[in-house]
Structure formats: structure tokens, C-alpha cells
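By convention in this document, chain letters (A, B, ...) are assigned in the order of the sequence lines, proteins followed by strands, and residues within each chain are numbered from 1. When reading the values below, keep in mind they use all heavy atoms of this one structure, side chains included, and skip hydrogens, waters and symmetry mates. Computed from a predicted model, the values in this text were never measured in an experiment.
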Amino acid sequence: MLTAPDDLIQLLTHEGKRVTHADFSLDITDDEIRSLYRDLCMVRRFDNEATALQRQGELALWAQCQGQEAAQVGAGRALLPTDFVFPSYREHGIAWTSGVDPVAILGLFRGTTNGGWDPYEHNFGLYTVVIGNQCLHAVGYAMAGLREGKTEAVLTCFGDGGSNQGDVSEAFVFAGVYNAPVVFLCQNNQYAISEPNYRQMRAPIYKRAEGYGFPGYRVDGNDVLAMLAVMRHSYEHARSGKGPVLVEAFTYRLGAHTTSDDPTRYRDADEVEYWKDRDPLLRVKRYLDSVNTPQSFYDEIEVAAEAMAVHIRAGVRELADPTLDEMFTHVYAEPHPLVEQEHREMTEYFEQFGGMRSPHAAGGH
Amino acid sequence: MLTAPDDLIQLLTHEGKRVTHADFSLDITDDEIRSLYRDLCMVRRFDNEATALQRQGELALWAQCQGQEAAQVGAGRALLPTDFVFPSYREHGIAWTSGVDPVAILGLFRGTTNGGWDPYEHNFGLYTVVIGNQCLHAVGYAMAGLREGKTEAVLTCFGDGGSNQGDVSEAFVFAGVYNAPVVFLCQNNQYAISEPNYRQMRAPIYKRAEGYGFPGYRVDGNDVLAMLAVMRHSYEHARSGKGPVLVEAFTYRLGAHTTSDDPTRYRDADEVEYWKDRDPLLRVKRYLDSVNTPQSFYDEIEVAAEAMAVHIRAGVRELADPTLDEMFTHVYAEPHPLVEQEHREMTEYFEQFGGMRSPHAAGGH
Amino acid sequence: MATLTMAKAINMGLRNAMKRDEKVVLMGEDIGKLGGVFRVTDGLQAEFGDMRVVDPPLAESGIVGTAVGMAMRGWRPVVEIQFDGFVYPAFDQIVSQVAKHHYRSAGKTTLSMVIRIPFGGGIGAIEHHSESPEALFTHTAGLRVISPANPVDAYEMIQQAIAHPDPIIFLEPKRRYWDKAEIDDSVDVMNKAEGYSRLFDARVAREGSDVTLVAYGPMVKTCLEAAAAAEGEGLSLEVIDLRSLTPFDIDTVVKSVTKTGRMVVVHEAPQFGGVGAEIAARITEKCFWTMQAPVLRVSGMYMPYPAARVEHAYLPDLDRILDSVDKAMEY
Amino acid sequence: MATLTMAKAINMGLRNAMKRDEKVVLMGEDIGKLGGVFRVTDGLQAEFGDMRVVDPPLAESGIVGTAVGMAMRGWRPVVEIQFDGFVYPAFDQIVSQVAKHHYRSAGKTTLSMVIRIPFGGGIGAIEHHSESPEALFTHTAGLRVISPANPVDAYEMIQQAIAHPDPIIFLEPKRRYWDKAEIDDSVDVMNKAEGYSRLFDARVAREGSDVTLVAYGPMVKTCLEAAAAAEGEGLSLEVIDLRSLTPFDIDTVVKSVTKTGRMVVVHEAPQFGGVGAEIAARITEKCFWTMQAPVLRVSGMYMPYPAARVEHAYLPDLDRILDSVDKAMEY
Ligand SMILES: Cc1ncc(C[n+]2csc(CCOP(=O)(O)OP(=O)(O)O)c2C)c(N)n1
Ligand SMILES: Cc1ncc(C[n+]2csc(CCOP(=O)(O)OP(=O)(O)O)c2C)c(N)n1
Ligand SMILES: [Mg+2]
Ligand SMILES: [Mg+2]
């Protein structure tokens with residue numbers, strides 16, 4: 001059974017007690033903690049809605065982030081608006097704190113688009129499915145920022161399994177050599193689909209940083225306060241010209257890898273139970289209860305979450321399939337004769353049948 | 001100017017004084033040191049002959065190993081016959097200690113073959129030009145050895161620049177996870193062609209090992225005694241089931257990257273002078289002189305080296321160009337109709353001219 | 001005899017190969033307890049242990065590169081790449097090492113390894129999960145590239161591929177994983193007199209006289225459906241299942257085209273530079289005077305694999321194939 | 001006017017592009033003080049500093065991947081891959097990211113980047129230094145792939161490529177680096193009215209009436225030599241320099257073939273699945289009734305690039321081209 005190591009940076013225990021840490025502290029009011037809790041709940045709800053929509057056939061797939069909300073909300077809330085995010089495919093919490101419309105995220109999983117949002121609108125890049133690729137983009141983006149004289153941090157996310165891709169270590173090398181203001185966030189949810197940490201690494205991931213010449217920290221990824229503190233510190237480190245940082249958020253994927261996955265094949269119920277007790281929402285709730293948070297606070301969140309859910313459900317059903325024209329657009333920035341030719345041919349071809357018909361057009365399966 | 005750091009593991013200073021090290025010691029007689037010196041000289045001579053042959057047009061290219069002889073002879077002499085080597089393209093010293101005929105090595109550089117020797121004859125794999133590729137082969141080979149219950153070490157070599165390839169870090173990961181008996185030898189000759197260390201890394205290479213869960217050492221790569229001691233220890237570590245080791249041999253490429261290179265474009269003469277005084281042969285000579293080695297010993301080496309040189313010069317000129325048939329052989333292990341067809345067609349085609357003629361057939365260009 | 005899906009048929013083939021030769025080692029992300037994302041290796045780790053059914057670290061170059069090292073020592077690694085779109089991180093190892101080692105070592109090193117890749121679209125997956133990279137491998141000498149189109153071939157071909165001394169890219173048409181067929185599991189595939197000697201032969205999947213349809217992997221079934229539909233319209237289509245892309249069994253195709261004089265090649269990959277181009281060029285050269293129409297091609301389009309909800313428009317289907325057949329007939 | 005080698009012409013083109021747009025950044029192993037192994041970037045780091053002429057760590061995926069990140073921010077990275085055989089470690093980034101980003105982002109992200117690759121053989125190099133991987137890129141939608149055949153084109157095309165918004169694979173025929181030509185450096189290439197609008201047009205390099213030779217990059221010169229030799233034998237060969245492989249300027253080729261009725265495509269890469277296959281298939285389809293002979297192809301062989309001392313037998317040369325021309329004439 002995979003349990004939590006005891007050398008994690010922690011500011012809030014899973015029993016909901018605030019604790020101190022020698023290197024990291026957080027000056028935060030209870031109201032601010034409530035605001036973090038609100039985000040945790042909204043993200044949880046977003047995730048649950050998406051899972052439900054997948055079950056109803058509205059999405060082809062969903063990659064749940066349940067259990068990782070604190071890691072993501074902590075990382076996301078510590079960002080400044082000028083910072084930029086290069087996510088993997090499970091960063092729904094950071095998408096949320098960045099202001100990306102959850103419906104846009106779902107387009108990718110519904111299969112109506114390979115993207116779905118404008119990366120520059122919220123400084124939140126497209127989800128990246130090929131493991132590790134985005135880490136290099138983050139470094140290059142940060143290198144360009146240095147050339148522009150900007151003091152912005154760039155966040156990039158990957159998983160415990162993903163840490164092994166050559167691209168990730170090359171990103172470490174480049175970030176180190178160019179002193180790029182990149183914060184590498186590894187959400188170690190202890191599984192790469194079915195493969196537990198011991199099949200992926202011999203030493204904790206955060207230790208790799210030192211060999212590439214920059215600091216690495218291991219944080220209790222289920223502790224939103226610790227995450228906020230360490231990420232704030234790390235972005236500031238990056239912004240102030242000290243170079244990259246690696247943060248390993250030690251967490252646990254409470255759900256399945258994706259809705260196509262069957263985690264009962266590779267992990268035991270009691271392990272999941274152990275981690276449910278360490279749920280990132282639960283501990284904040286325990287704390288908030290201990291400081292006399294009124295029920296109305298929770299009720300208000302419930303109302304907001306329900307409103308979001310309504311928006312998501314309606315929005316997803318309205319996500320239209322691409323038209324034939326859309327399908328052929330944007331292969332290139334400038335016209336390409338072969339694309340134009342095939343576009344023409346397919347248009348003529350479908351005209352025989354009165355235009356391209358979508359098997360999904362009737363409104364889902 | 002690039003100089004030597006002072007935290008290197010050293011047993012023989014560049015002035016030729018034997019010193020002790022807290023963690024590594026070597027029980028060695030002066031005669032054994034003479035035998036090492038002999039190898040250093042033979043390798044130096046081999047290298048010089050090859051350079052001369054390239055200048056005479058007998059080789060298309062030569063990658064000198066001058067300056068790195070101690071790193072290679074130390075690593076090579078510490079091997080057992082059952083160990084296996086996965087070299088890069090500059091391991092002439094290890095080829096030598098492994099018993100590979102220098103002439104075979106030169107076939108690759110003459111352009112008569114893409115290989116040139118039987119990897120299994122001396123447990124010395126083919127040179128690998130695509131940076132980093134061979135490190136993964138070494139790990140896989142070692143993993144297979146574990147499955148066979150063997151207690152053999154596998155050595156693989158790469159350069160300071162090469163350490164950055166994704167394949168190398170992936171090799172670290174796999175070796176760590178599978179506890180593979182691999183010794184990673186990075187010859188840090190301080191340059192990747194024209195790029196000095198500071199353009200390749202932010203922290204010393206040997207430090208990367210820890211992040212992947214195994215020990216890393218940084219050795220004075222110009223000190224054949226230290227190399228022998230650390231490599232012996234490392235192979236034994238691997239053979240005894242403790243897993244991989246990374247050894248960074250800190251050295252200096254005294255020659256050009258290859259005969260096509262012009263190092264005056266990117267490094268200063270005084271840097272080269274500094275390192276010439278740290279020549280791996282010179283310090284052993286200084287030591288041997290201090291223990292009254294007779295001139296006859298050096299004379300004997302000179303005679304042997306000259307004999308080898310004669311062998312190399314004659315052998316290289318005899319290396320025949322592949323025939324058309326040879327060119328078409330071994331693309332596959334089993335017949336492939338397309339290869340057979342093209343073979344047939346080309347044979348017929350050349351028959352019009354009385355067979356394939358080689359522009360080199362007359363004995364060089 | 002057993003009725004099995006293609007996924008199960010490959011599973012049984014792998015099991016047989018592992019029993020037959022203890023040097024066979026499976027390596028691939030999540031192939032152990034999970035049995036692979038398509039369950040093709042279901043139960044094999046439980047049966048053979050985790051030294052023979054290996055869940056490696058998440059790094060495709062690492063997987064293929066270590067497999068090369070194992071093969072250098074006489075082991076027979078069978079690598080699973082989880083999806084087509086994730087083979088590219090291993091591309092360097094495949095093209096520069098797997099393909100070239102036998103040649104470089106003048107035959108001293110034999111890399112008997114199989115790289116299994118579920119490929120192609122049609123399952124509504126998100127991006128990078130529906131690609132058809134076969135042309136990138138067929139252009140690379142030193143590799144053999146094969147693809148079964150039905151459970152029986154899948155069962156036999158995987159065993160033959162594993163027994164073969166050359167490195168083989170084994171493309172599994174993922175949307176056909178659930179197709180079923182009767183498999184005769186009482187015969188030892190490798191003990192049949194021919195061993196793997198017919199592994200690279202094309203197969204006439206359906207005889208016909210008007211137009212030859214050439215396909216492989218997922219499109220064979222689609223072509224057979226098209227041929228059945230065409231029959232109703234009085235058109236007789238011959239369907240050739242290539243099975244192997246390199247070597248390419250040109251004789252079988254030439255024989256068919258000599259009869260029909262017309263040919264349509266079908267694949268999911270984009271037309272430009274796809275395998276169909278080589279087939280068209282080669283057959284046209286051989287059968288120049290026989291061809292009554294140019295070789296036509298039905299394929300995916302020149303774009304990244306599009307969003308799943310429009311893949312039906314991207315992928316060749318029965319209608320598009322018949323449309324091209326009609327065009328070929330009009331010449 | 002100046003007489004320059006192709007290497008120097010590209011150097012001058014790069015310098016102009018860097019002066020024109022300060023967002024142009026060169027990245028590549030050893031391109032700084034050394035000036036690159038072929039000295040194409042000679043002097044540029046001294047002139048523009050090491051923030052604009054970057055000697056990156058030795059990791060091709062890292063180089064291309066960080067270039068993508070820079071391009072996402074509006075910079076124009078020009079990557080040099082040291083040799084053809086070393087582009088494969090970056091293949092994943094090129095195929096999955098560089099090629100797809102504009103599409104995936106619905107045009108929000110424009111990756112204006114150039115990947116320069118010295119390619120092809122003929123310089124007596126050791127393995128991995130003489131490859132022709134163009135077909136691996138042309139099959140990948142989202143990329144444009146171009147190759148100059150002479151110094152003038154090299155000078156102009158590199159500047160146009162850098163100014164173009166799409167990612168471009170720029171293949172430099174390394175054995176032609178030392179070829180010389182007069183370059184008019186007084187005209188600003190990008191200020192000519194057409195900008196980069198003719199970048200993807202093929203060029204009739206020599207007019208003729210009997211057979212069309214189609215080539216690109218290093219083989220254009222060889223074809224011109226063949227055409228000159230054929231003239232002596234009374235044969236009139238038209239030589240087309242494609243310049244761009246994708247887009248492929250089919251009209252120029254069709255026009256020529258309509259006149260000659262015969263075509264030979266020449267490239268160094270292996271024939272099987274090479275760019276010649278697509279050209280042959282496409283032209284045959286368009287010009288089915290015009291063709292008096294099948295499209296013939298002269299190319300490298302289906303093997304890893306062989307040892308340098310036999311590359312003369314592997315590479316298409318004047319004799320092999322004329323041999324195929326004769327075959328085409330015999331139909
Ligand atoms: C290069 C590549 N290989 C394989 C996959 C298939 N795949 C998707 S997610 C995944 C596991 C990732 O695990 P981890 O990095 O720990 O991230 P997590 O999903 O746990 O967040 C795999 C193997 C992929 N997307 N990309
Ligand atoms: C993948 C790859 N990229 C580029 C090259 C070209 N190249 C050959 S050697 C070399 C420098 C290697 O430097 P280093 O790893 O330090 O080894 P050294 O040559 O100094 O021994 C380069 C860039 C290559 N062979 N392989
Ligand atoms: Mg994980
Ligand atoms: Mg070096």
C-alpha cells in the first residue's frame with residue numbers, strides 16, 4: 001500500500017491542524033483559506049460533472065483530477081496574471097484558477113476540438129497529451145521572456161510517470177543552463193495509469209533538480225496551504241532571476257486515470273480509503289470547522305457550484321461538431337494548395353449527399 | 001580558461017606524486033603502473049597514427065582521444081573479460097584494452113564499413129555515433145544479464161555534451177528502477193565540439209546520479225590510478241547487485257574534436273598549455289621516473305608502439321571497399337524481396353560497365 | 001477451436017510465444033496488472049511474472065532502447081507502444097538503431113524484436129490516439145512492417161513475427177480489436193511446416209474481376225464491406241489484404257491488377273506520401289500497359305488527425321471507396 | 001553582386017533576416033564561435049551576440065522543443081540540426097508539436113520557425129551523416145518542406161522561409177555547400193513585391209522536350225549534368241527543380257509532362273516510400289492518358305546509408321539517370 005512519506009513540506013495536517021515549517025510559512029487569514037476552499041470545491045464539482053457527462057455519453061473521455069485539487073489550486077492561486085502555464089492534460093484546477101471556461105476544457109474530451117481555448121487569453125496553454133512535450137515549450141517560452149526583459153514565471157506540469165520522459169530532463173538542462181524562470185510542477189499522484197512509483201523511479205523525483213543545478217522541493221500536495229506557500233516562493237525565485245525550481249507535489253489520484261481506466265485492477269480499496277482520509281478538501285473543511293465557519297459559507301459554495309454545473313451541462317451539449325470547412329481550416333497559417341484541393345474535393349463529395357452529416361448531429365449518443 | 005576543479009578524486013597528482021583519498025585506494029605495484037603506462041603510450045600512438053593516416057587521405061575522418069587515455073585505460077583495465085562495453089565513438093583506449101584490433105576501428109573512419117568488428121568477440125560493442133543511444137542498449141543488455149543470473153558489469157560511455165540527451169537520462173531511470181549492473185562513464189573532456197561545459201550544464205554531471213537513486217563520483221580523469229580504483233569499485237558495485245553507478249571522468253580533449261574540427265576557433269592556446277602539463281601520460285612518466293624506471297622500459301614501449309604503427313598503416317591500406325554484393329548483404333537477417341530485387345538490378349546495371357568500379361580502388365584518393 | 005476477439009487472439013498468440021521461448025519478454029506501459037489499455041496482455045503478468053511481462057518507466061525511447069540491448073543478448077523483446085501517437089519519442093532508436101544494427105554489425109547482431117503498435121482511428125479517441133504512421137516505418141530499410149486485418153491473422157502473425165529474426169513493426173488495427181473469429185488453437189502455429197515463411201504474403205480476401213481494392217489492417221474490413229455492397233450494383237471487386245507493407249508482396253497485387261486493370265488503394269493515413277503512393281507507383285511501373293485507369297487512392301487527409309467528432313469524414317468509408325471505384329470504372 | 005558559395009549565401013541570408021527582424025534567433029549545436037560544422041553561421045554570433053545565436057545543450061528534442069516555446073511568444077527561431085541523421089531525437093517534437101500546433105490551437109498559435117538540416121550524401125562522411133529523411137516530413141501535414149538547389153535560391157529561400165508564418169523544414173544539400181554563384185545582395189529579398197509568395201514554386205531549370213527529369217536539392221545539379229550529356233546523344237531533357245516538396249507544385253510538373261509524356265524522378269533517399277513515389281502516383285493520376293511511359297525513379301537503395309566508400313554506387317549519378325531516361329524512351 002502506498003502511504004505518505006513523512007518528509008513532506010506541510011502547513012496543514014490531514015486532521016486540519018495548522019503546523020509550521022522551518023523554511024516555508026504562509027501569512028494567511030481564515031477568509032483567504034475559505035476562498036481557497038471555495039476553489040477546491042468548485043474544481044471538485046467541475047470534475048464530478050465531467051465524469052457524469054462522460055457516463056452519459058456526452059464526453060468521449062474524462063481525465064479526473066480528484067484528489068489533486070490542492071496541488072492545482074495552490075499552484076494556480078500563487079500565479080500572477082502575467083505568468084504563463086504549460087499544462088499536461090489533467091490540470092483542470094489550474095485551468096479553473098486561470099479563468100478558463102470549464103466548457104472549453106470539455107471540448108477536447110468531447111472530441112469537438114483538439115484544443116478548445118485561446119492560450120493567450122488566460123495565459124494558459126493548450127492541454128498536452130504527449131507526455132513531457134510541454135515542459136520544453138515552457139522553457140523556450142521563458143527563454144523568450146528573458147529576451148524581452150520580462151519578469152514573469154512560467155509554470156509547467158507533468159506527472160510522476162512523465163518525469164521519466166527524455167523531454168523532461170532536457171527541459172531541466174535547458175532551464176538550468178539558461179536560468180529560465182520556469183517552475184516545474186510534478187504532481188506525483190503515485191500512479192502512471194497502473195504503474196506505481198516504484199516502477200518509475202528509484203529516488204524521489206524532487207531530488208533530480210539538484211543534479212541539474214536548481215532547487216527541488218517535495219510538498220504535501222494535498223495541503224493547499226503548503227502548496228500555495230511553496231509555489232509562491234518558487235515563482236518568486238523564478239521571477240527574481242534565480243532560475244528554475246522543481247516542486248514535487250506528493251498527492252494521490254483518488255479517481256481513475258481516465259474514465260476508460262479500471263483502477264481496481266491495480267490497487268487495493270484500503271489504499272484508496274487511506275487517501276480518502278487525506279482528501280485535500282476534507283482537511284481544509286476540518287480546519288474551517290475548527291475556526292467556526294458558518295454553514296452559510298458552505299451553502300453559498302453549493303449554490304455557486306450548482307450554477308457552474310448547469311452552465312457546464314448546457315454548454316457541453318451546445319459544443320458543436322466542427323463543420324467540414326472548420327476541419328480543413330488552420331492546418332497552415334497560409335493557404336496550402338493540397339489542403340485546398342482536398343477541401344474542395346471533400347466538399348464536392350459530400351454535396352452528393354447534401355453535405356457532410358455528423359453521426360452526432362442529433363445531439364449526442 | 002577551463003581549469004581543473006579541486007574536488008576530484010585523485011591518487012596521482014599531475015606532478016607525479018601519489019596521494020591518498022579517503023574513499024578510494026589502490027593497492028598497486030610499480031610494475032603494474034608501468035603496465036598501465038604502456039597502455040597509455042600504445043593508445044597515444046594509435047591515436048597519432050590514425051591522425052596521420054587521415055592527413056594522408058587514408059581515413060575520411062578521425063576522432064582523436066588524446067588527453068583522455070587515462071580515463072579510458074583506467075576504465076578498460078578495470079573490466080573483467082565477462083563485462084561488456086557500449087562505447088561512443090572515441091573510446092579507442094577501451095577498444096585497445098579490450099583487445100580490438102586498431103585496424104578494425106579504423107574501418108569505420110576510412111569509410112569501408114559502418115561497423116568493423118564483432119561486438120561479441122571482445123565484448124566490445126560497435127561505436128555509436130548518435131549521441132546517447134548506446135546508454136539504453138547498455139541498460140537493456142544488463143537487464144538481460146540479470147535475467148540470465150549473470151554477475152557481469154556493463155560499461156557505457158558518453159561525453160559531457162552527450163549527458164544532456166534524453167536517452168541518457170532515460171537510461172539512468174531504467175538502470176535505477178531495474179537495479180541494472182551498469183557503470184555510466186561520462187568522459188567530461190569539457191567540450192562538446194566547440195561548446196564548453198558552461199553551455200551544457202549548470203551543475204557537475206556526476207551530481208545527476210543521486211536524483212536517479214544511485215551513486216555518482218567525479219574523478220580526475222587524467223589520473224589513471226584514480227580511474228582504475230574508482231572504476232574497479234564501480235564495476236564491483238554493479239556486479240554485486242547494488243545497481244548502477246555514474247562516474248564522471250574530468251579530463252580534457254587535447255586534440256581537435258575530429259580531424260574536421262578547428263579548435264582554435266573556440267579555445268585559447270594557454271588553456272591547452274595548462275592541460276598539456278596535466279597530460280595523463282606525463283604524470284605517470286613523472287612518477288615512474290621518480291621510482292627509477294630504466295630507460296630500457298621506455299625503449300621497449302617505443303619498439304612495441306612502432307610495430308603496432310606498422311601494423312596499422314599496412315592494415316588500413318588493405319581495408320578493402322565493400323563489393324556491391326557486400327553492400328546489399330545484411331540489411332536483413334532473412335531475405336527481403338525488395339533488397340534482392342535492387343541487388344539484382346544494380347548488378348545488371350553495373351555489368352554494362354564491367355562491374356562496379358570503386359573510385360578508391362586504385363589505393364586511395 | 002475458440003471464438004475470440006482480435007485482442008484475445010493476440011493475447012493467446014503472445015502466450016504461446018512466451019511458452020515456446022523463454023527469451024520472449026513483453027515490455028510496455030501498463031501491460032502488467034492492467035493488461036494494457038486494450039487488455040491485449042491481460043493475465044500474462046500473473047502467468048509469467050514481472051520479469052517477463054514488464055511495466056517499464058514511462059519513456060518510449062527508453063523502452064525501445066533497452067529492448068535493443070536485450071535483443072543484443074539474444075532475448076526477444078516484444079514492445080507495446082500504448083498508442084500510435086506515442087511512438088515518436090522512440091523514433092530515433094527505431095530508425096537509427098533497431099533498423100540499422102544488423103547491417104552495421106555485418107550480421108553479427110541480430111535484433112529479433114517486435115514493436116506492437118495499436119494504430120489508426122475510428123474509436124472516437126482524443127488527439128494522438130488515432131494516427132497511422134506506417135509510411136514512416138516502411139521507408140526505413142531494416143524494418144519489416146506488418147498488420148493483421150482479422151483475429152486469425154493476428155493470432156498467427158504475432159507468433160510468426162516473434163519467431164522471426166528481424167525487427168518487426170506490428171501494427172494492430174485498434175478499431176478491430178473487438179472483431180471476432182474462430183481460432184484453431186489446437187495447431188502449433190510455428191510447428192506448421194512453413195513456420196513464418198508466409199508471414200509476408202498478401203492474401204486475396206475476396207475475388208473479383210472489375211476493380212482491385214488494396215488495403216491492410218483496419219481498412220480490409222471496410223473494403224470487404226464495399227465489395228459486398230458493390231456486388232449489389234453489379235460490380236465485382238477483388239480485395240487484397242496486404243498483411244505486410246515491407247516486404248510488399250507485389251506479385252499478388254500484379255496478378256490481380258493484370259486481371260482487373262483497375263486498382264484503388266485504401267488507407268487511413270494521409271494520401272500525400274502514404275503507403276498508397278508507393279503501391280501506386282510500383283504497380284503502375286509494372287503494369288503500365290495493363291492499367292485501364294490510374295491507381296486511385298482513398299485515404300485520410302492532409303491535416304493532423306482531426307477532432308474525433310469528425311473522424312467519420314476523415315476516414316475512408318464504404319461510400320468513399322465506392323465513389324473511387326466508380327471513378328476508376330469511368331476511365 | 002558577389003560570388004558566393006551556397007554556405008556563404010545562406011550565411012548572408014541569415015544575416016539579412018536577423019537584421020530585418022530582431023525576433024529571429026538562431027539555435028544549433030556549435031553554430032556560435034565555430035560557425036557550425038559547415039560554417040554556415042560563421043561570424044553571426046560575433047555580430048549578433050549569444051542571445052541571438054545560441055549554442056544550446058546537446059539535445060535535439062530540447063532544441064526544437066524550446067524553439068517551439070519561443071515561437072509561441074512570437075519569436076522566430078531558426079534551428080540548425082547538425083546533420084540529417086540527428087534530427088530523429090527531435091522527431092516527436094516536430095511531428096506532434098511543431099506540425100500540429102497551429103491546427104490544435106485553431107490558429108491562435110502561429111509557429112513561425114525554420115528547421116535547417118544539411119542533408120544527403122556525397123561527402124564521404126561516416127554513418128548517420130548522409131541521410132535523406134525528407135519523406136518523413138512531407139507525409140506530416142502542418143510542415144512545409146523545401147530545399148534549394150543552388151546558392152541564389154538558398155539565399156532567397158532562407159529569408160523567405162524565416163519570414164513565413166508556418167513551420168518550415170529547410171533541407172540544405174550539404175554536398176552543394178561549396179557550389180558558387182553570383183548573388184545580387186543589393187536587393188532586399190523580402191521587399192521584392194512578391195515577398196515569399198513564390199517560395200513554393202517549382203522552377204524549370206532547363207527546358208527540353210523528350211523526357212522530364214524531376215529533382216530537388218542535391219540532385220538538381222546531377223540532373224542538369226545528365227541533361228547536358230544527353231544533348232550530345234540527341235536527347236532533349238527538361239529538368240524541373242521542385243524547390244518545395246510540400247506544397248508540391250504539381251502544375252509545373254504537369255505542364256512539363258504534358259509536353260514530354262515521360263518522366264524520371266531522382267532523389268537520394270531510398271525509392272520505397274520516397275518522395276518520388278508520391279510524385280509518380282500523383283502525376284500518373286493527373287496525366288494518365290498523356291504518359292507514354294510509366295514514371296521511373298532513380299534513387300538510393302533500400303538499405304541503411306552504406307559505408308562512404310561505396311556511396312558512389314548508392315547515389316544516383318549521371319549514368320544511372322541516363323540509363324532510366326533510355327528506359328523511359330524505350331516505352
Ligand atoms: C509519450 C506518451 N506515452 C504514453 C502516453 C499514454 N499515457 C497517457 S497518460 C499516461 C500516464 C501518465 O502518468 P503520469 O505522468 O504519472 O501522469 P498522471 O496521468 O498520473 O497525471 C500514459 C502512459 C502518452 N500520453 N504520451
Ligand atoms: C544526436 C546527435 N546529435 C549531434 C551529433 C553531432 N555530434 C557529434 S559529436 C558531438 C559533440 C559531442 O560532445 P560530447 O558528448 O562532449 O563528447 P566528445 O565528442 O567531447 O567526446 C556532436 C554534437 C551526434 N553525433 N548525435
Ligand atoms: Mg501520475
Ligand atoms: Mg566532450
Go through D/Phe91 and C/Leu136 one step at a time and tell me if the side-chain contact (heavy atoms from CB on, under 4.5 Å) criterion holds. CA-CA 11 Å; D/Phe91 201 72; C/Leu136 307 179; 3.8 Å; yes
Closest approach of D/His139 to C/Ser132 (non-hydrogen atoms, all atoms of both residues): NE2-O, 4.4 Å
Kindly compute the distance separating CZ (D/Phe272) from CZ (C/Arg282), expressed to the nearest 0.5 Å. 6.0 Å
Using a heavy-atom cutoff of under 4.5 Å, enumerate the residues of residues 82-89 of chain D that contact chain C, numbered in order, or state 'none'. D/Gly85, D/Tyr88, D/Pro89
Among residues at least two apart in sequence or on other chains, which ones pass side-chain contact (heavy atoms from CB on, under 4.5 Å) with D/Ser147? D/Phe119, D/Leu171, D/Pro173
Given a strict heavy-atom distance threshold of 4.5 Å, which part of C/Gln271 is in contact with chain D: side chain, backbone, both, or neither? both
Specify which of D/Tyr103, D/Tyr305, D/Phe248 makes the most heavy-atom pairs with chain C at under 4.5 Å. D/Tyr103
Which answer fits C/Ile94, side chain, backbone, both or neither, if we ask what part of it has an atom under 4.5 Å from a heavy atom of chain D? neither
What are the residues of residues 322-331 of chain D, in order of number, with any heavy atom under 4.5 angstrom from a heavy atom of chain C? D/Tyr331
Tell me, for C/Glu127 versus chain D, whether the close heavy atoms (under 4.5 Å) come from the side chain, the backbone, both or neither. side chain
Specify the closest pair of heavy atoms between C/His128 and D/Ser96, including all atoms of both residues, with the distance to one decimal. CE1-O, 3.8 Å
Would you name the heavy atoms of C/Gly274 and D/Glu278 that are closest together and state the gap between them? N-OE1, 4.2 Å
For C/Lys259, I'd like to know if atom NZ has over 12 heavy atoms of other residues, nucleotides or ligands within 6.0 Å. yes
Taking every non-hydrogen atom, the tightest pair across D/Ala281 and C/Ala280: CB-CB, 3.8 Å
If you tally heavy-atom pairs under 4.5 Å between each of C/Leu245, C/Val275, C/Thr246 and chain D, the highest tally belongs to C/Thr246
Suppose a student defines contact as a heavy atom less than 4.5 Å from any heavy atom of chain C. Which residues in residues 283-303 of chain D would they list? D/Thr284, D/Glu285, D/Phe288, D/Trp289, D/Met291, D/Gln292, D/Ala293, D/Pro294, D/Val295, D/Leu296, D/Arg297, D/Tyr302, D/Met303
Shortest non-hydrogen contact from C/Ala141 toward D/Pro304: CB-N, 4.3 Å
Which answer fits D/Glu60, side chain, backbone, both or neither, if we ask what part of it has an atom under 4.5 Å from a heavy atom of chain C? neither
Name the region of C/Pro306, side chain, backbone, both or neither, that has any atom closer than 4.5 Å to a heavy atom of chain D. both
